[in-house]
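Structure first, commentary second.
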Amino acid sequence: MIVKLPDGRTFEYAGSAKLKDVLVTTDRQLLKTVIGAKLNGELVDFHRVLPADAKVELITIDSPEARPIYRHSLSHVLAQAVKRLIPNAKLAIGPAIDDGFYYDFDVEKPFTPEDIEKLEAEMKKVIKENYPFERSEVSRDEAHKLLSEMKESYKLELLEELPPGETISFYKDGDFVDLCRGPHILGTGQVKHFKLLNVAGAYWRGDEKNKMLQRIYGTAFYTKEELEQFLHMREEAKKRDHRKLGKDLGLFYFSEHIGPGLPLFTPKGEIVRYLMESYVREKQTRYGYQHVWTGHMVKEELYRRSGHYDNYVDSMFPPMIDEGIAFRLKPMNCPSHMMLYKEMGTHSYRDLPLRFAEFATLYRYEKSGELSGLTRVRAVTQDDCHIFCTPDQIQSEFSLALNLVREVLETYQFKDYRVRLSLRGSTGKYVADDEKWGKATTALKAALDANRVKYEPVEGEAAFYGPKADFLATDVLGREWQLSTIQVDFIQPARLGLEYIAEDGRTHTPVVLHRAVTGSTERFLGVLIEHYAGAFPVWLSPVQAVVLPITDKHAPYAGKVLEQLKSVGVRAELDGSNNTLNYRIRHAQLQKTPYMLVVGDREQQNEQVAVRLRTGEDLGAKGVAEFVHFIQNKIADKELI
RNA sequence: GCCGGCGUAGCUCAGUCGGUAGAGCAACGGUUUUGUAAACCGUAGGUCGGAGGUUCGAAUCCUCUCGCCGGCUCCA
């Protein structure tokens, strides 16, 4: 067999063997750093007997591909530590995840922060004891017997569900054995830099009908530096938390007298909302959208017909009954826009596409435990749109929506995004109409392909009425947010009896594309606050410039400068408070005001302002007219500063 | 909704064994007249999230409740 090292070197080994044995007999040094291998691009275990003609690539511990393997191994170490401290704890599952790993346990008492410290200490012991991970393959009966003896009821449940013919394997390290597919690192001593992060309740298999287990999250890295950097990023994310910044910058509040998930926006917060919405509104108008308004309440009956009632009644606020008729606060716009389409009379194919956009505040009864700052609220203002078109317009309409999405994301400096194609799952809420689903899915795929958009299909993520292309944008901290979405719907228009007269003179059902660009104003604002760390681009800043007179005697001149800025629509303020200049600069700085305009004798004499940026940069003195021109360009170009 | 944690002044937090609430910042008043990230002095501010209970006495102990945080799940 030919073994390739990460540095490109290769060596050969005669005959078939377990990779581990190959390493033992050829290069023992490698045992310290090799944690996995790939055979034909697929991860393989050290314990698998490889054929003589195999070509394997070794993965060393510092490779990104190695992470899930050693993180998963650390989850075993965690389980081992739990078992040592709480012998009757039952094991559930313990996978590697994007940022680390977790393990779910069924324990009598939930873990406390002290438990976590103890567990960390115990894990360090296990690592120090450096047990090899040993794989054993057993028959189903043996596995059943073993797990029964161990009283691992959750593992037994997992075993039952393994498909017939599947190899059943256990991994043992020291005093710990676990049903596990693998692969694993060679020994517990290979990764030393890890941290347990938090404890949380988690339902067995994510189903609230099941028992609540205790989940412990942790992470692991190869080097101490990587771990520290990860923890630093978490700190950074905490500093950028929009809930904290929203308060610090005075943008929005929640009041328990108003209700959970119902944010209140201050004048500063509302101006940002207004600017965000105006921007998208203007863009949409240019893209041929028409803005409509369909109010806040709808008869429940409409949602029964559209299918929303069956699928989302739990997410609607309870009904208001008037003379026996139930009304609902509007949880989505689609049926309203479709009714508007109908009321506007007979539509000719010549009228299509019709693009109805609306910034409507929708009310969704999110479960209390799910609310979170602005990213999850009960009053959401969606930048929603429904495009009524003919089947052969789908592709061009999709392209148009895609361009709009791209342009807006770029303006907000989301440089990277990926697309998830959310498809119907085999079971669930989906409307049963294979023909329409087939058409919709084919049309959406064709539209993505025609625009050369790469996507990854995910089954079971579609809306009940059709497939979706969801855009996941990456922010400056590398976190992903699902913002934009474009969806194809053949179902609702038919259910609600929408029609148009086609070229053949007959009645046809239009297709509806649902799309949102920023998603919702509230959520997007929350994301933006974190993306920009509260330092909004000039065009979005609630206060764009603050004038700072050095002493009282410069106040009249400062007032004049302020008026000049205001007269051209710049959002400027004057800070003539009885504080030192340094103090007022610091204050403006903490408020992330883009421009600080210091005026003293020199500036007054020359009709100037001394321009300081919130970055700390000093642009020196500029004529007032020059600065006005300067900031107006920055605003028009939507520059950061 | 469920599991766990947390609620003390506008903000950040201290408050011992149950003995009746404190700091810094912010605010306000004054002094200072300031040249690029915190001048100085003073004043005011709290039903300790809410309700009930135990106790001679509760921020502190117990019960319920509301809100927030970390997750689970879902997101038309």
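In the text below, chain A, chain B and the rest are named by the order of the sequence lines, each starting its count at 1.
With respect to A:D241 and A:R243, a salt bridge is recorded, a charged nitrogen being found less than 4.0 Å from a carboxylate O. For A:E461 and A:R424, the salt-bridge test fails: no basic side-chain N is under 4.0 Å from an acidic carboxylate O. Salt-bridge formation is detected for the pair A:E236/A:R240: a Lys NZ or Arg NE/NH1/NH2 atom is positioned less than 4.0 Å from an Asp or Glu carboxylate oxygen. Ionic pairing of A:D104 and A:K90 is not present here: no N-O contact between side-chain nitrogen and carboxylate oxygen is shorter than 4.0 angstrom.
Counted within 6.0 Å of OH on A:Y365, heavy atoms from surrounding residues, nucleotides or ligands total 12 or fewer; the atom is thus considered open. Summarising the local packing, NZ of A:K622 is surrounded by more than 12 heavy atoms from other residues, nucleotides or ligands at distances under 6.0 Å.
Across the protein-nucleic acid pair, A:D115 atom CG and B:G4 atom C1' stand 12 Å apart, rounded to whole Å. Distance CG (A:D104) to P (B:G4): 15 Å, rounded to an integer number of Å. Atom CD1 of A:I216 is separated from atom C1' of B:C3 by 13 Å (rounded to the nearest Å). Following rounding to the nearest Å, A:L264 (CG) and B:G10 (P) show an atom-to-atom distance of 17 Å.
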Worked verdict on A:T485 versus A:Q487 for side chain to side chain donor-acceptor pair (under 3.5 Å): CA-CA 7 Å; A:T485 182; A:Q487 314 173 355; 3.1 Å; yes
Candidate pair A:Y154 and A:D106, rule side chain to side chain donor-acceptor pair (under 3.5 Å), full reasoning: CA-CA 9 Å; A:Y154 298 93; A:D106 186 358; 2.6 Å; yes
Residues A:Y430, A:F464; criterion ring-ring contact (aromatic ring centres under 6.0 Å, His included); working and verdict: CA-CA 4 Å; A:Y430 311 105; A:F464 75 87; 8.8 Å; no
Residues A:Y341, A:H386; criterion ring-ring contact (aromatic ring centres under 6.0 Å, His included); working and verdict: CA-CA 10 Å; A:Y341 175 93; A:H386 296 95; over 10 Å; no
Base versus backbone protein contacts along nucleotides 67-76 of chain B [heavy-atom cut-off under 4.0 Å; B, S, -]: SSSBBBBBBB
Under 4.0 Å protein heavy-atom contact, by nucleotide of nucleotides 35-46 of chain B - B base, S sugar-phosphate only: BBBBB-------
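Atom name C1', nucleotides B:A9 and B:C72: the rounded distance is 36 Å, in whole Å. Here, B:C61 and B:U55 have their C1' atoms 10 Å apart, quoted to the whole Å. Rounded to the nearest Å, the gap between the C1' atom of B:G49 and that of B:U60 is 16 Å. As rounded to the nearest Å, B:A59 and B:G7 have P atoms that lie 15 Å from one another. B:G18 sits 28 Å from B:U12 when the P atoms are compared, rounded to a whole Å. Rounded to whole Å, the P atom of B:U47 lies 11 Å from the corresponding atom of B:A51.
Side-chain contact between A:W481 and A:E530 is present, with heavy atoms from C-beta onward closer than 4.5 Å.
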Under the 3.5 Å Watson-Crick or G-U criterion, the dot-bracket string of RNA chain B, with | for inter-strand pairs: (((((((..((((.....[..)))).(((((.......))))).....(((((..]....))))))))))))....
